[in-house]
Amino acid sequence: MRPIGTLLLLSAAAAPFAASADWYFRGTPNAWGTTAMTAMGGTLYQTCQSFTTGDANGGPRFKIDRTGTWTEAYPSADYGVSANTSYTIKFYSDTHAISVTPVASCAPDTQPPTTPGVPTSSTVNYNSVALSWTASTDNVGVAGYKVARNGAQIGTTTSPSFTDTTVAASSAYSYAVAAFDAAGNVSPWSSSLAVVTPAAPPEWYFRGTANAWGKTQMTALGGTHYQTCQYFAGGDSGGGARFKIDRYGDWTQAFPATDYAVTSPKSYTIDFYSDTKAITATPVASCGTLPASEATTLGAEWSATKTVFSLWSPDKTDVKLVLDGVSYPMKRVADFNGYSDVYQVSVAGNQHLKKYSFLVNGVSVRDPYGKMVEPNTNNNIVMDMSTSALATGWAARPALTNREDAIIYETHVRDFTISANSGVSAANKGKFLGMVEAGTTFSGVKTGIDHLKELGVTHVQLMPVYDFGSCPLVTDTACYNWGYDPRNYNVPEERYSLTPFDYVNRAKEFKQMVDAFHKAGIRVVMDVVYNHTFAKEMFDPITSKYYTATDLSGTGNSIDADQPMVSRMIQDSLEYWAREYNIDGFRFDLIGIFSYAEVQKWADNLNTKFPDRNLLIYGEPWNGYATDTKEAQRVRLGTIGRIWNSHVGVFNSKFREAIKGQNDNGGCNAGDCFAFNANPDTWRIQVGSRGAIRATKDANITIDTWDPMFAMDPEQSINYVSAHDNLTLRDKILAWGTLNGVTNASYLRRIQDFANGVVLTAQGIPFLHGGEELLRTKGGDANSYKSPDSVNQINWQWKVDNADVFAYYKQMVNLRKATPALRLTSWDAISSCVTTTRPRYGVVVNTISGCGVTDTIVIENSSDNYTHALPAGTWTVKAEKSDASVAPRTVSGTVVAEGTAVTVLTK
């Protein structure tokens, strides 16, 4: 062993290390025995260990045990490392943070480090001297440095810098440093730094919202001029961003008398003149150079060697990460990738499946970008999403040549299979995998996914399947909710998982469901609720900027997507679902609270990132019955045409009302209720059946907010008569019959067929509420969002009892798929190739000819029988009498179209 150099400034050197009985290494290298760690000074302990393979319980891994008795050990889950690798392991007893550094070997180190460079004074204040020096090198690695002042050791540090805070103003000091390594070898001491003299105490301090009204010393620039640079994230409970200049930091003299207000978020150079008390605040790009981001997006960005945690915090600077019980301060980073005001911290090691949350001004919050969450807690879960990948990869996506080819079927995961007669296995009932369990039957009829295949729909729209707030206890199996109360937008809901606490499998189950739908020829649309959250507690502790000042959603916590970073969050969430879970489209709840320009950004991003998917993007073009000062810029029937090139559609409420009337009772407003032959306004049936295309092909022409002729492309009109909200179609029909004294059962059933016969033969995209094809009833419950299964479940006995209704819906779905004339793909095609007439009361006729499709006639007759004169030639009657049992027939000259029926002919 080479002898250790003698001290240059100290007469003798005590041994820098002592074995500690407090902290022990325990892991696979020492068969989980106890190996004392070396105390490195302060709270740092260290050891070097060589890992070969793991043991019977897993791969190479370890813990740090306080007393060697397992009463206190960190981390809570074993710390995993790579096999056949040696590591220097550092542990901090105050924070319980652990870091591992690969080294060539853990062989004894006999060589001392090189002597570090002479320390230099980087900052000299009245009460501190900040030092830095050139780092040393070592054959294994430098563990730290000893610092001497005026010939006496005053401390140790693990980095080549040290701040001496025990100095007195106007006194003279000299400093030297020596390096030591993990083996206990110490280098010779450096030469001394020239004498430094701390400055006299300062007189003026900055105090404001930027430093939580603490004391930040201002820099004396000479004479009476003092200066500081401060970043203002926002205000506090007392008001907006503001500050004062305080003479002694004790509020005895502070200027100005009223707080000096500034704009946030912004950085300012603040100048103060002590003679005149004049203050100026000059905006600057930043106060120094902010560190670059280590991530490409927000949330927890995992990798095998580190996870980078990022949070948008535009008006609070006290931001921390709590990971696996350990707190880490987060620092603001430079703007990146379209993100601003981001706080970030990187934690080394594989953090997969570790619990984490954020603390903002001391308040615990979930990660708005979280990919997984521990049920009913504030803990998100770090996810290596590759672990949830399907073993054989994704199946081919079902073909969709044009968006107008879509036929959407809305359902709720629990409703669809929870019934005792669903035929689905007991474990899968009401779950993601129950949705796609094949081969299920009841009394000889197909149920579940096989029912959807038999019906022939192209898309299933799933009511909320992200993490929602209602029914938070997974053990409460009877609790029911639709789920329109989001907590984490990017997390599959635990109630629909077979393994809610197996986070990898929970994600995998969702992927298996999507993949099974694709294998069955059915695409998947997510019902998304970005317009509000479960409660303001979700985002408000981070910043109030997530929410609108006026409650637009009717829930008390509507989201403000006009804030750029909030809009970006929604854009990122949509892209995440499409990329990670292979989703085929999005139905927006209350898309009408959003500005159409923001919706256009989201849609353009999706269509650019996934150009080959023909994604469906559509929503409800209204808000929660609120008065909106930005009405003119929101998504409405009258504005949606302005973003038609972005392929965004809306529910056609005017067509719905024209067909069935009021939603929650049996009533009919003037001109409504075409399906009931109740003095209908056939003009709205005419324009609705033509895909609601605008009168003029010009998206820039301002039209009425609720103009029934609103679409620039037929794909923008989502045609329907009922959805999960309001009465089911069957309950509406029964309520109308009761109100009007109509008791003819066969006639009331015929209305069920006729109403959606109109929808399924109209230009645009048809939408069916799940169960309409079975005469679904909820017993008149018009808002069953938390009603029990007995109200909401699909009762598969309905399919047995109403086989004729199902047969008609199946016939009309397949007729639409087989008839391109019913699925024209542009404003021009409908304008030039569809001739619409209203030959008499209660009748609308669409004659489709040209545009490369077979000549087709659709007669919608709500009244008594009507004889229609046909163009020359022989025509085949493909559908009539609202009865699938009627065989096709050929006619010439005229055709009799029965009332309460859609008659379809092709030439």
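Throughout, residue positions are numbered sequentially from 1 according to the sequence presented. Small disclaimer: the values here were computed from a predicted structure and weren't measured. Values reported hereafter were calculated over all heavy atoms of this structure, with side chains retained and with hydrogens, waters and symmetry mates removed.
Ser558 places none of its side-chain heavy atoms less than 4.5 Å from the side chain of Asn531. In this structure, Gln351 and Leu323 have side chains that are in contact, with non-hydrogen atoms separated by less than 4.5 Å. Within the 4.5 Å cutoff, the side chain of Ile89 has no heavy atoms near those of the Phe91 side chain. Between Trp133 and Val147 the shortest side-chain heavy-atom distance falls below 4.5 Å. A heavy-atom distance below 4.5 Å is found between the side chains of Arg487 and Asn378. Using a 4.5 Å heavy-atom threshold, the side chains of Val491 and Arg506 count as touching. Two residues are said to be in side-chain contact when any heavy atoms from C-beta on lie closer than 4.5 Å; Lys354 and Asn379 fail this criterion. Put simply, the side chain of Phe243 does not reach to within 4.5 Å of the side chain of Thr228, judged on heavy atoms.
Just one of Asn361, Thr543, Thr209 meets the side chain to side chain donor-acceptor pair (under 3.5 Å) condition when paired with Asp315; it is Thr543. Under the side chain to side chain contact (heavy atoms under 4.5 Å, CB included) test applied with Phe162, the options Ile154, Val177, Thr156, Val129 reduce to a single match, Ile154.
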Take Tyr226 and Asp271, measure what side-chain hydrogen bond (donor to acceptor under 3.5 Å, both in side chains) needs, and give me the verdict at the end. CA-CA 6 Å; Tyr226 295 80; Asp271 293 280; over 6 Å; no

Under the ring-ring contact (aromatic ring centres under 6.0 Å, His included) criterion, do Phe534 and Phe468 qualify, and how do the steps go? CA-CA 7 Å; Phe534 171 59; Phe468 53 79; 9.5 Å; no

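Heavy atoms from other residues, nucleotides or ligands lying under 6.0 Å from NZ of Lys277 number more than 12. Residue Lys355 qualifies as open at atom NZ: its count of foreign heavy atoms under 6.0 Å is 12 or below.
Taking the six-membered ring where tryptophan is involved, the planes of Tyr175 and Tyr173 are tilted, since the angle between them lies from 30° to 60°. Ring planes of Tyr74 and Trp23: tilted class, angle from 30 to 60°. Using cut-offs of 30° and 60° for the angle between ring planes, the Tyr546 and Trp312 rings count as perpendicular. Using bins of under 30°, 30° to 60° and over 60° for the plane-to-plane angle, the ring pair Tyr530/Tyr489 lands in the tilted bin. The aromatic rings of Phe232 and Phe206 lie perpendicular to each other, with more than 60° between the two planes, well past the 30° mark. Under the 30°/60° scheme for interplanar angles, the aromatic rings of Tyr581 and Trp577 are found to be tilted.
Closest of all the heavy-atom pairs between Tyr79 and Gly349 is OH-CA, 3.5 Å. The two residues Val342 and Ser310 come nearest to each other via the heavy atoms CG1-CB, 3.8 Å. Of all the heavy atoms in Asp335 and Ser340, the pair that sits closest is OD1-CA, 3.3 Å. When all heavy atoms of Ala254 and Lys244 are compared, the pair lying nearest together is CB-CD, 4.1 Å.
Taking the ring centre of Tyr547 as origin, the terminal cationic atom of Lys536 falls inside the region bounded by 6.0 Å and 45° from the ring axis.
Remark: the Ser573 side chain and the Asn490 side chain contain an N/O donor-acceptor pair separated by less than 3.5 Å. If you check the side chains of Gln46 and Thr38, you find no donor sitting under 3.5 Å from an acceptor. Defined by atom type and a distance below 3.5 Å, a donor-acceptor pair is present between the side-chain atoms of Asp341 and Tyr231. A donor-acceptor contact closer than 3.5 angstrom is absent between the side chains of Thr296 and Asn337. With 3.5 Å as the limit, one finds no donor-acceptor pair spanning the side chains of Lys545 and Gln563. Side-chain contact check for Ser595 and Asp562: at least one donor-acceptor pair (N or O, by modelled atom type) lies under 3.5 Å. With no hydrogens or angles considered, no side-chain donor-acceptor pair links Thr43 and Ser93 at under 3.5 Å. Counting only N and O atoms by type, the side chains of Glu575 and Asn605 include a donor and acceptor under 3.5 Å apart. No side-chain donor from either of Ser313 and Arg332 sits under 3.5 Å from a side-chain acceptor of the other.
For Arg568 (side chain) and Val566 (main-chain N/O), no donor-acceptor pair under 3.5 Å exists by modelled atom type. Judged purely by atom type and a 3.5 angstrom limit, Ser187 uses its side chain to pair as donor or acceptor with the backbone of Ala179.
Between Tyr87 and Phe51, a ring centre-to-centre spacing shorter than 6.0 Å is recorded.
Contacts of Asp604 classified as salt bridge (Lys or Arg N to Asp or Glu O under 4.0 Å), with partners at least two apart in sequence or in another chain: none.
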For residues 279-291, run the donor-acceptor check on the side chains, cut-off 3.5 Å, and write out each pair with its distance to 0.1 Å, sequence neighbours left out.
from: Ser286; atom 1: OG; to: Gly288; atom 2: O; distance (Å): 2.5

